[in-house]
Amino acid sequence: KTFKINHNIRQALFVYKIGSIQKTMTEVGLNRELEIRRGAYISALFNAGSIKIATASDNLFKLKSGQESWIYIDHGDALCQPSTERPFIEAIGTIIENSFSNENVVLLNLASKSSPHVTGAVAFRNDCRQIIVSPEAVADAERGTNRNVRLPNILKGEDILVVVDDVLTSGETLKRGLKIARNALRDRLGDGADKLASHLVVGINRATPETIEILKQEGITITSLASIEEIITIIWQKLTPKQQAGLLGEFPMLSQRIGE
């Protein structure tokens, strides 16, 4: 079951944008422009039909991490047309340009469905250098120079690796991508490759607090446009009791938001 923006959901999104988003954005100290970008991004996900909710416990979505879930966010649907792609690119690009010095940013994509597309678009928008990691299937099919990692011509010890992705769940794809990039960077920076700061900018954060803490301990900081609980809150009243129960069981922190 997918959710488009109809009158009820648009009204709920409006309440959410002037309530929860505004509160969250104030707490993290981001500016008005990013607040607007976030709202446009969330609207785009609904307009593209990217928010999908399972109808029963026997047809849950299988995630890349291997776990099953009542909810799936398919950014691929949003990337197929400019009207729903642009808000995602603009929101990610705005976060990066407000958070880092552009001359030190090196974008890094992960070997996933949406990350290469989004990272390339943000690199063009922000005029940033980029490390390109080819998914294994692409690297195997296009032998050429037998390289699955491409590095920019200029790299500096003070550079910051900024990973761009659509959804954060287990963090395993993120850690694997950073390892691949650092291995390639050692040929140019030596031990300095391991000292480069790393940051993830992601569309939806559905990781557990425990996963977030583990990533922080490994030196990876995270900025997301929205949490999975925020998305569910918007459509909560449109869900069946069975869906609500399933989502509450999967996301315990959701109960705090539903009660707000």
Side-chain angles (χ1 to χ4, degrees), residues 37-38 41 44-45 48 50-52 61-66 69 72-82 84-97 99-100 105-142 147-152 159-185 196-207 211-212 215 218 220-228 231:
R37 299 290 191 200
R38 270 176 42 114
Y41 160 69
L45 289 179
S50 296
I51 314 298
K52 306 177 191 298
F61 299 101
K62 186 70 171 289
L63 305 181
K64 187 175 181 180
S65 62
S69 177
Y72 183 67
I73 313 294
D74 192 347
H75 283 78
D77 292 330
L79 297 178
C80 290
Q81 50 279 320
T84 52
E85 176 197 36
R86 186 175 296 111
F88 186 22
I89 305 304
E90 288 295 328
I92 293 289
T94 299
I95 283 180
I96 293 172
E97 67 188 9
S99 303
F100 308 102
V105 169
V106 179
L107 300 184
L108 169 64
N109 71 275
L110 301 180
S112 64
K113 176 177 64 178
S114 300
S115 182
H117 177 119
V118 177
T119 307
V122 173
F124 180 79
R125 177 198 182 276
N126 287 29
D127 195 24
C128 289
R129 290 167 293 157
Q130 177 184 1
I131 296 174
I132 300 175
V133 178
S134 300
E136 290 182 7
V138 174
D140 289 343
E142 299 181 5
R147 293 183 298 157
N148 69 327
V149 180
R150 302 296 194 280
L151 301 176
D159 284 337
I160 302 171
L161 296 179
V162 180
V163 182
V164 176
D165 203 9
D166 55 353
V167 179
L168 172 65
T169 306
S170 70
E172 291 305 313
T173 300
L174 170 61
K175 289 188 285 187
R176 187 163 54 250
L178 282 168
K179 182 178 180 180
I180 291 172
R182 291 188 193 280
N183 286 340
L185 285 165
L196 295 181
S198 54
H199 190 94
L200 170 68
V201 181
V202 66
I204 301 295
N205 181 3
R206 59 178 299 157
T211 295
I212 299 297
L215 293 174
E218 296 187 13
I220 305 170
T221 54
I222 300 164
T223 302
S224 62
L225 292 174
S227 70
I228 195 70
I231 297 298

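Since this is a predicted model, take the numbers as computed values, not measurements.
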K.L.:
With the side chain counted from C-beta on, respond yes when Val105 and Asn126 share a heavy-atom pair under 4.5 Å apart, and no when they do not.
P.N.:
no
K.L.:
Quick one: CG on Asp166 to NZ on Lys113, what's the gap to the nearest 0.5 Å?
P.N.:
7.0 Å
K.L.:
Hey, mind stepping through His75 and Val118 against side chain to side chain contact (heavy atoms under 4.5 Å, CB included) and telling me if it holds?
P.N.:
CA-CA 10 Å; His75 283 78; Val118 177; over 6 Å; no
K.L.:
Determine which pairs satisfy salt bridge (Lys or Arg N to Asp or Glu O under 4.0 Å) with at least one residue from residues 126-135, sequence neighbours left out, and list them in order.
P.N.:
Arg129-Asp159
K.L.:
Of the non-hydrogen atoms in Pro82 and Pro87, which two are nearest, and what is the gap between them?
P.N.:
O-CD, 4.1 Å
K.L.:
Would you call Ser224 and Leu168 a side-chain contact if the rule is heavy atoms closer than 4.5 Å?
P.N.:
no
K.L.:
Do the side chains of Leu63 and Arg206 get nearer than 4.5 Å, heavy atoms only?
P.N.:
yes
K.L.:
With heavy-atom distances below 4.5 Å as the criterion, would you say the side chains of Val133 and Leu110 are in contact?
P.N.:
no
K.L.:
Assess whether atom CZ of Arg182 is packed by more than 12 heavy atoms of other residues, nucleotides or ligands within 6.0 Å.
P.N.:
yes
K.L.:
Supply the atom-to-atom distance Ile212 CD1 to Ile220 CD1, rounded to the nearest 0.5 angstrom.
P.N.:
10.0 Å
K.L.:
Is there a side chain to side chain contact (heavy atoms under 4.5 Å, CB included) between Ile73 and Ile228 once you walk through the steps?
P.N.:
CA-CA 9 Å; Ile73 313 294; Ile228 195 70; 3.9 Å; yes
K.L.:
Which label fits Phe100 and His199: parallel for a plane angle under 30°, tilted from 30 to 60°, or perpendicular past 60°?
P.N.:
perpendicular
K.L.:
Is there a side chain to side chain contact (heavy atoms under 4.5 Å, CB included) between Leu225 and Ile95? Walk through the geometry before answering.
P.N.:
CA-CA 9 Å; Leu225 292 174; Ile95 283 180; 3.4 Å; yes
K.L.:
Atom CD1 of Ile89 and atom OG1 of Thr119: how far apart are they, to the nearest 0.5 Å?
P.N.:
8.5 Å
K.L.:
List the atom of Asp77, the atom of Gln81, and the distance in Å for their closest heavy-atom pair.
P.N.:
O-NE2, 2.8 Å
K.L.:
CD1/Ile204 to CZ/Phe88 distance, rounded to the nearest 0.5 angstrom?
P.N.:
8.0 Å
K.L.:
Would you say the side chain of Ile131 lies within less than 4.5 Å of the side chain of Leu185, judging by non-hydrogen atoms?
P.N.:
yes
K.L.:
Let me see the working for Ile51 and Ile231 under side chain to side chain contact (heavy atoms under 4.5 Å, CB included), right down to the final yes or no.
P.N.:
CA-CA 8 Å; Ile51 314 298; Ile231 297 298; 3.8 Å; yes
K.L.:
Mind checking whether Thr169 and Lys64 have side chains closer than 4.5 Å, heavy atoms only?
P.N.:
no
K.L.:
Quick one: are Leu200 and Leu215 in side-chain contact, heavy atoms under 4.5 Å?
P.N.:
no
K.L.:
Just verifying a value: how many Å separate Gln130 CD and Leu151 CG, rounded to the nearest 0.5 Å?
P.N.:
11.0 Å
K.L.:
Any side-chain to backbone donor/acceptor pair from Arg176 onto Ala111? Under 3.5 Å, distance only.
P.N.:
no
K.L.:
Not counting sequence neighbours, which residues clear side-chain hydrogen bond (donor to acceptor under 3.5 Å, both in side chains) with His117? List them please.
P.N.:
Glu85
K.L.:
Would you mind telling me which of Ile222, Asn109, Leu178 makes a side chain to side chain contact (heavy atoms under 4.5 Å, CB included) with Val163?
P.N.:
Leu178
K.L.:
Hey, what do you get for CG (Leu107) to CD1 (Ile96), rounding to the nearest 0.5 Å?
P.N.:
5.0 Å
K.L.:
How about Glu97 and Val122: do any of their side-chain heavy atoms sit closer than 4.5 Å?
P.N.:
no
K.L.:
If every non-hydrogen atom of Ser115 is compared with every non-hydrogen atom of Ser112, which pair is closest and at what distance?
P.N.:
CB-OG, 3.1 Å
K.L.:
Do Ser50 side-chain atoms and Asp74 backbone N/O form a donor-acceptor pair below 3.5 Å?
P.N.:
yes
